[in-house]
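This report concerns only the one structure given below.
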Amino acid sequence: MLPEPLTRLVERLQKLPGIGGKSAQRLAFHILRTPREDAERLCQAIRDVKDRVTYCSTCNNITDVDPCDLCGDAGRDH
């Protein structure tokens with residue numbers, strides 16, 4: 001039986017597309033074995049994506065500015 005925090009991590013990882021139970025467990029054990037700093041960088045990368053990346057309101061491209069650089073280019077032929 002796994003500790004509750006590890007079980008919760010496995011359950012969350014299983015919600016990712018293409019990740020089944022065994023893969024989620026492997027990923028969770030990998031995260032457990034890695035240095036804390038690496039896990040913190042992974043957490044921060046996820047937070048940054050959720051906070052700063054979106055879809056362009058014009059072309060629906062993935063961007064960190066809205067409109068994206070292409071759609072916001074004044075010299076572009078719209």
Would you please test Lys15 and Glu11 for salt bridge (Lys or Arg N to Asp or Glu O under 4.0 Å) and show each step?
-> CA-CA 7 Å; Lys15 293 182 183 282; Glu11 289 170 356; over 6 Å; no
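- Judged by distance alone, the side chains of Arg41 and Gln44 never bring a donor and an acceptor atom under 3.5 Å apart.
- Rounding to the nearest 0.5 angstrom, the gap separating the NE2 atom in His30 from the CG atom in Leu13 is 11.0 Å.
- For the atom pair CD1 of Ile31 and CZ of Arg33, the computed distance is 10.5 Å after rounding to the nearest 0.5 Å.
- Using a 4.5 Å cut-off on side-chain heavy atoms (C-beta onward), Leu2 and Phe29 make contact.
- Between Arg76 atom CZ and Asp69 atom CG the span is 11.0 Å, to the nearest 0.5 Å.
- No donor-acceptor distance shorter than 3.5 angstrom exists from the side chain of Asp66 to the backbone of Cys56, with no hydrogens or angles considered.
- Note on Leu9: it clusters hydrophobically with Leu16, by side-chain heavy-atom contacts below 4.5 Å among ILVMFWY residues.
- Distance CG/Leu42 to CD/Glu37: 13.5 Å, rounded to 0.5 Å.
- When all heavy atoms of Ile19 and Ala24 are compared, the closest pair comes out as CG2-N, 3.5 Å.
- Rounding to the nearest 0.5 Å places OH of Tyr55 at 4.5 Å from CD1 of Ile62.
- For the pair Thr54 and Asp64, the minimum side-chain heavy-atom distance is 4.5 Å or more.
- With respect to the salt-bridge test (charged N to carboxylate O, under 4.0 angstrom), the residues Glu4 and Arg8 qualify.
- Note that the CG atom of Leu27 and the CG atom of Leu32 stand 12.5 Å from one another [nearest 0.5 Å].
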